[in-house]
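Structure record follows, encoded as structure tokens.
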Amino acid sequence: MNVPPAGPAAPVLVCAFAVTRTPPDLATSAAATGHEEGGPLRVLRAGGLCLVVQDVPAALFDEEALAERLNRPDDLERCARAHHRGVEAAARRGPVVPLPMATLYRGDRSAEQAVTAREAVLSALLDRLRGRTEWAVKVHAADGAANATASDTPADSGTGAGARGRAYLSRASARRRDRQDAHGRALAEAEAVDAELRRYAVDATRHRPQSERLTGRRAPQLINVAYLVEDAESAAFKHALARLTADGRHTAVEVSASGPWIPYSFARWDEAPADAMAPDVTEPNRTEQRLMKQEARS
């Protein structure tokens, strides 16, 4: 029987998820998956470091195709969750430096060279992140504080159109002052919450407060902070969080927290000098990366 010759293999790119020192045992982990369109996760050696990667079809992950897919909310979410799965797989046996979502290379050699070129920076980050996790804390204005209004009692007891107009303006001014006062109290309490939690953290970084569209709440988000916490201090950090929400000191704000997470917010190799490792193909903008990390962890 004549067997027709196999056609050329479809071109692939190498998608990188995270850098670590201790390679995870991907072969025995059924949960070790990345992008559903790609091959199995695998490990590349790069100097003294390891890089968890996956082969993905270039037709779906080249610059043009990826930009189009990331503009579709459903595809964006799928990519983010796939990226987070790859990072989690890399983190099973030790600290990791997560790479930005959709960090792509044209081959193994390019990926290995990129890591080796930044080995000192990445090694320092791995040392800093060992035994530490991230906690995300969001502080919103309490609904009562956000909607505070002044009494509708007229400020002017005179009669006639002029008196009514003055009374209306007086009430409007009072409502505006009350809203400003309530917002000021909420901001002061949010800062106090942040100052208290920083006592239990190695480091903290503020992200831009999320919009109502993302939070689904009418009350404004005042601060959005990530804290880097020693594993040995996690219990103290959680106790401080519980105390802040239960002791009645902060009535103008509502505090929500989640964690512990892989410390994405503190693994910023891209803030190193200008010759830092860069992907060969493309990566989404920082706004998309932050959004997708938040969605992947929800």
Side-chain angles (χ1 to χ4, degrees), residues 12-46 49-62 65-105 108 111-112 114-115 122 125-126 129-130 132-136 214 226 258-270 277 279 281-298:
V12 298
L13 298 171
V14 175
C15 181
F17 298 96
V19 174
T20 183
R21 282 201 183 95
T22 308
D25 184 6
L26 301 174
T28 61
S29 175
T33 60
H35 296 281
E36 56 192 40
E37 305 93 343
L41 296 184
R42 55 193 181 88
V43 176
L44 297 178
R45 293 279 186 174
L49 301 178
C50 300
L51 182 63
V52 174
V53 302
Q54 178 187 31
D55 292 333
V56 293
L60 293 176
F61 285 83
D62 67 13
L66 190 61
E68 181 180 344
R69 293 174 67 207
L70 294 182
N71 278 326
R72 297 194 291 264
D74 288 348
D75 281 348
L76 182 58
E77 181 175 354
R78 277 194 292 272
C79 284
R81 293 188 182 279
H83 179 75
H84 187 62
R85 289 195 298 270
V87 174
E88 283 188 315
R92 288 197 172 92
R93 295 180 62 190
V96 297
V97 175
L99 301 180
M101 188 177 75
T103 296
L104 297 159
Y105 299 94
D108 287 0
E112 292 162 358
V115 173
L122 292 164
L125 271 173
L126 289 167
L129 299 178
R130 184 187 297 114
R132 296 170 175 174
T133 51
E134 177 174 332
W135 288 79
L214 288 178
S258 61
W261 303 114
I262 294 169
Y264 282 97
S265 299
F266 303 93
R268 297 300 300 271
W269 58 267
D270 55 329
M277 179 174 64
V281 181
T282 184
E283 66 183 32
N285 63 53
R286 298 293 176 213
T287 300
E288 289 174 337
Q289 290 169 18
R290 286 193 295 270
L291 171 62
M292 294 321 302
K293 287 168 188 172
Q294 291 155 4
E295 290 181 347
R297 297 184 299 198
S298 63

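A donor-acceptor pair under 3.5 Å is formed between the side chain of N71 and the backbone N or O of A67.
To the nearest 0.5 Å, atoms CZ (R81) and OG1 (T33) are separated by 12.5 Å. Going from atom CD of E36 over to atom CD of Q54 covers 10.0 Å, rounded to the nearest 0.5 Å. With values rounded to the nearest 0.5 angstrom, F61 atom CZ is found 4.5 Å from H35 atom NE2. For the atom pair CD (E37) and CZ (R69), the distance works out to 4.5 Å, reported to the nearest 0.5 Å. For the atom pair C50 SG and R42 CZ, the distance stands at 13.0 Å (nearest 0.5 Å).
Between W135 and S258 the shortest side-chain heavy-atom distance does not fall below 4.5 Å. Within the 4.5 Å cutoff, the side chain of D55 has heavy atoms near those of the V14 side chain. At least one side-chain heavy atom of L70 sits under 4.5 Å from a side-chain heavy atom of M101. Between E88 and I262, some side-chain heavy-atom pair lies under the 4.5 Å cut-off.
Partner L49 forms a side chain to side chain contact (heavy atoms under 4.5 Å, CB included) with one of T22, T20, L44, L122 and no other, that one being L122.
Minimum interatomic distance between F17 and A82 (heavy atoms only, all atoms of both residues): CE2-O, 3.8 Å. Between A111 and L51 the shortest heavy-atom distance is CB-CD2, 3.7 Å. Counting all heavy atoms, side chain and backbone alike, V52 lies closest to G86 at CG1-O, 4.3 Å. Of all non-hydrogen atoms in V96 and A18, the two that sit nearest each other are CB-CB, 4.2 Å. Closest heavy-atom contact between A89 and L41: CB-CD1, 3.8 Å. Residues A59 and A65 share a closest heavy-atom pair of O-CB, 3.3 Å.
Under the 30°/60° scheme for interplanar angles, the aromatic rings of Y264 and H83 are found to be tilted.
Residues R92 and D25 are not paired through a salt bridge, judged by the lack of any N-O separation under 4.0 Å between the basic side chain and the carboxylate.
In this view, A58 and P11, L13 satisfy the side-chain contact (heavy atoms from CB on, under 4.5 Å) rule, not counting sequence neighbours.
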